[in-house]
*Asks:* 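Encoded as structure tokens, here's the structure I'll be asking about.
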Number of protein chains: 2
Amino acid sequence: MPNSKPSAKSPAKPAAEAEDRTRDRSRTEEGILNAARSVLVEKGFGGWGVNGIARAAGCDKQLIYRYYGGLDGLAEALGTQIARETEAALAALPAPEVDSYGALVAALIDAQLHVLRSHPVMQRIIAWELSEANALTRAFADARSRALMAWFAQVKGDFTAPPGVDAPAINAVMIAAVQQMVLSSGTIGGFAGMPLAEPADWERLRSAIRRLILAAYDGSGTPTAG
Amino acid sequence: MPNSKPSAKSPAKPAAEAEDRTRDRSRTEEGILNAARSVLVEKGFGGWGVNGIARAAGCDKQLIYRYYGGLDGLAEALGTQIARETEAALAALPAPEVDSYGALVAALIDAQLHVLRSHPVMQRIIAWELSEANALTRAFADARSRALMAWFAQVKGDFTAPPGVDAPAINAVMIAAVQQMVLSSGTIGGFAGMPLAEPADWERLRSAIRRLILAAYDGSGTPTAG
DNA sequence: GAGAAATATCACCGACCGGTGACAATTGCC
DNA sequence: GGCAATTGTCACCGGTCGGTGATATTTCTC
């Protein structure tokens with residue numbers, strides 16, 4: 001079938017850009033979702049809107065309403081996608097080989113630091129949660145909190161916290177510190193005079209966190225010889 | 001002229017609202033600054049703009065440009081005001097009576113928690129710092145960081161950290177945790193499954209923080225008998 | 001082929017934004 | 001009194017926002 005649709009439109013676009021003009025809803029949806037992520041990373045949640053996302057996706061914003069039901073639906077889809085992939089990221093982490101509850105928690109907090117550092121979208125979402133309290137951010141926070149606790153419960157196995165120690169509170173404090181540090185490194189480049197840019201900075205942070213956790217749980221903060 | 005100008009300020013408005021129509025630049029400036037604070041607290045930094053602030057101040061937005069040179073100048077004035085009052089708040093805290101470096105740090109972190117919890121404007125500014133990296137938020141963060149470190153250095157007196165402990169890193173971690181917890185309590189109402197609403201919740205957080213610090217510095221996290 | 005359904009685009013709306021110039025009202029100075 | 005500087009108000013601009021109805025284009029079904 002010779003492409004004889006428009007008589008004179010044979011090689012109008014010589015495909016130099018490989019522009020795929022075929023219509024494909026699933027691909028468009030994927031493009032919108034990817035655009036939503038990149039806009040969130042680059043502009044922050046303040047610049048996260050239908051106009052900018054459609055612009056980044058290279059399509060009309062009407063499609064956002066048609067396929068996702070507007071900004072809320074798109075945010076919900078983004079949230080479930082994030083939840084899925086973080087769940088997978090946590091599940092893919094090697095089970096830490098430890099011999100104490102404190103060492104276990106230290107490994108888990110360290111894993112959190114690693115995952116969050118490599119996930120700019122989640123950093124933006126956390127900043128969003130800290131800035132606005134609406135149904136969307138609450139849903140985000142709830143999902144994250146539940147995933148976190150489920151993962152914790154699943155991976156801790158037979159280990160139990162020493163008696164007399166409020167493990168949930170201490171763990172929450174340390175995760176809070178990790179989040180604040182990662183977020184602050186992204187915007188300010190450090191925190192309270194402590195730089196967070198070079199790998200050595202992060203190693204320093206990791207050892208401080210490790211010392212805090214081990215001391216709180218196991219009683220003596222003997223740093224891992226080194 | 002139908003509008004028979006009230007020759008004397010006859011009680012056209014019976015002062016039921018005590019509307020003061022006298023012109024006073026300094027009072028207007030103060031009103032604008034207060035409006036800027038309340039708008040920041042109630043709407044967040046995303047809704048912090050000349051239109052809303054002028055509306056809240058009950059004056060024309062033109063005055064914001066005339067008296068403060070626009071949003072940037074207003075933010076700068078707000079920043080110096082905040083810096084002054086937090087400096088005063090920290091200086092007004094009673095010097096902690098402690099007998100160890102760990103206890104000192106625990107008291108200072110606790111003071112930070114107290115000050116930040118009672119200062120919603122600063123909470124908003126911190127959330128701002130975590131969300132956007134511009135000249136303004138960097139200035140905010142720098143000022144806060146310097147004030148924090150100066151206060152720390154001034155109040156620590158003769159105490160010195162135990163050898164082999166990275167005190168700046170550990171202190172930064174704990175302050176980061178405090179900030180994240182306070183900010184999260186304001187929007188989500190808790191953190192990682194730990195509620196932060198009732199006074200008992202905050203007491204629980206305080207003791208967890210105290211245990212972490214004491215254990216890291218003094219080697220044994222004996223909770224304050226109680 | 002024809003028609004329906006799905007997909008994508010366009011044009012437009014009202015609202016709000018930051019910013020500015022022109023103008024009215026008050027105050028202070030002489 | 002007269003007059004100028006200060007203080008406050010109003011109207012407007014270009015731009016972006018979220019949202020929607022109408023319409024063009026492609027694809028599927030028969």
Side-chain angles (χ1 to χ4, degrees), chain A residues 1-7 9 12-13 19-33 35-36 39-40 42-76 78 132 134-136, chain B residues 1-10 12-13 19-33 35-36 39-40 42-76 78 132 134-136:
Chain A
M1 192 195 286
N3 180 8
S4 62
K5 185 66 191 311
S7 51
K9 183 190 169 184
K13 291 276 184 182
E19 281 222 27
D20 199 345
R21 314 299 274 124
T22 73
R23 296 188 164 194
D24 186 340
R25 168 163 178 168
S26 64
R27 176 165 48 194
T28 312
E29 289 182 352
E30 189 185 337
I32 290 175
L33 210 50
V39 168
L40 183 56
E42 288 159 20
K43 305 287 177 62
F45 64 89
W48 198 75
V50 280
N51 291 295
I53 292 172
R55 211 177 300 132
C59 70
D60 197 274
K61 61 179 171 180
Q62 174 74 19
L63 301 183
I64 296 177
Y65 292 96
R66 195 132 55 206
Y67 296 155
Y68 291 98
L71 269 184
D72 292 0
L74 181 57
E76 193 178 326
L78 179 61
E132 294 181 356
N134 51 40
L136 184 57
Chain B
M1 280 189 196
N3 182 7
S4 63
K5 174 185 291 185
S7 51
K9 41 188 169 185
S10 50
K13 291 276 185 182
E19 280 224 28
D20 197 345
R21 315 297 274 120
T22 72
R23 301 187 159 193
D24 185 341
R25 167 164 177 165
S26 64
R27 177 166 46 193
T28 317
E29 288 182 352
E30 189 186 338
I32 290 175
L33 211 48
V39 168
L40 183 55
E42 287 159 22
K43 305 288 176 62
F45 63 89
W48 197 75
V50 279
N51 291 295
I53 292 172
R55 211 177 298 134
C59 71
D60 197 274
K61 62 179 172 180
Q62 173 74 19
L63 300 183
I64 296 177
Y65 291 96
R66 249 211 285 276
Y67 296 155
Y68 289 99
L71 269 184
D72 291 0
L74 180 57
E76 195 178 326
L78 178 61
E132 294 181 355
N134 52 41
L136 184 58

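Chain letters run A, B, ... following the sequence lines, proteins first, then strands; residues in each count from 1. All heavy atoms count here, side chains included; hydrogens, waters and symmetry mates do not.
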*Asks:* Mind calculating the distance between CZ (B/Arg27) and C1' (D/dG8) to the nearest angstrom?
*Replies:* 13 Å

*Asks:* Rounded to whole Å, please give me the gap between CD1 in A/Ile53 and P in D/dC17.
*Replies:*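 Taking atom P of D/dC17 as the reference, CD1 of A/Ile53 is at 11 Å.
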
*Asks:* Identify each atom pair where a protein N or O and an N or O of nucleotides 7-9 of chain C are less than 3.5 Å apart, giving names and distance.
*Replies:*
residue: C/dT7; atom: OP2; partner: A/Arg25; partner atom: NH1; Å: 3.1
residue: C/dT7; atom: O2; partner: A/Arg23; partner atom: NH1; Å: 2.1
residue: C/dT7; atom: O2; partner: A/Arg23; partner atom: NH2; Å: 3.4
residue: C/dA8; atom: OP1; partner: A/Asp24; partner atom: N; Å: 3.4
residue: C/dA8; atom: OP1; partner: A/Thr28; partner atom: OG1; Å: 2.8
residue: C/dA8; atom: OP2; partner: A/Thr28; partner atom: OG1; Å: 3.4
residue: C/dA8; atom: OP2; partner: A/Tyr67; partner atom: OH; Å: 2.7
residue: C/dA8; atom: N7; partner: A/Arg66; partner atom: NH2; Å: 2.2
residue: C/dA8; atom: N6; partner: A/Arg66; partner atom: NH2; Å: 3.0

*Asks:* Send over the distance from B/Asn51 CG to D/dC12 C1', rounded to a whole Å.
*Replies:*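 Rounded to the whole Å, the gap is 13 Å.
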
*Asks:* Taking Watson-Crick (N1-N3 plus N6-O4 or O6-N4) and G-U wobble (N1-O2, O6-N3), each under 3.5 Å, can you produce the dot-bracket string of DNA chain D? Use [ ] for crossing pairs and | for inter-strand ones.
*Replies:* |||||||||||||||||||||||||||.||

*Asks:* Passes side chain to side chain contact (heavy atoms under 4.5 Å, CB included), B/Tyr68 versus B/Glu29? Steps please.
*Replies:* CA-CA 8 Å; B/Tyr68 289 99; B/Glu29 288 182 352; 3.5 Å; yes

*Asks:* Quick one: do A/Leu40 and A/Leu78 satisfy side chain to side chain contact (heavy atoms under 4.5 Å, CB included)? Show the steps, please.
*Replies:* CA-CA 11 Å; A/Leu40 183 56; A/Leu78 179 61; 4.1 Å; yes

*Asks:* Please assess B/Arg27 against B/Thr22 for the test side chain to side chain contact (heavy atoms under 4.5 Å, CB included), listing each intermediate value before the final yes or no.
*Replies:* CA-CA 10 Å; B/Arg27 177 166 46 193; B/Thr22 72; 3.0 Å; yes

*Asks:* The side chain of A/Arg55 lies closest to which of these nucleotides: D/dG19, C/dT20, D/dC17?
*Replies:*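 Given the options D/dG19, C/dT20, D/dC17, the side chain of A/Arg55 is closest to D/dC17.
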
*Asks:* Looking only at heavy atoms, what is the nearest atom pair of B/Leu74 and B/Ile64, with distance?
*Replies:* CD2-CG2, 4.2 Å

*Asks:* Between B/Ile32 and B/Ala57, which heavy-atom pair has the shortest distance, and what is it?
*Replies:* CA-CB, 4.1 Å

*Asks:* If every non-hydrogen atom of A/Thr28 is compared with every non-hydrogen atom of A/Asp24, which pair is closest and at what distance?
*Replies:*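 Taking every non-hydrogen atom into account, OG1-O, 2.8 Å.
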
*Asks:* I would like to know whether B/Asp72 and B/Leu136 meet side chain to side chain contact (heavy atoms under 4.5 Å, CB included); could you show each step before the answer?
*Replies:* CA-CA 8 Å; B/Asp72 291 0; B/Leu136 184 58; 5.6 Å; no

*Asks:* Atom CD1 of B/Ile64 and atom P of D/dT7: how far apart are they, to the nearest Å?
*Replies:*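 So the two atoms are 16 Å apart, to the nearest Å.
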
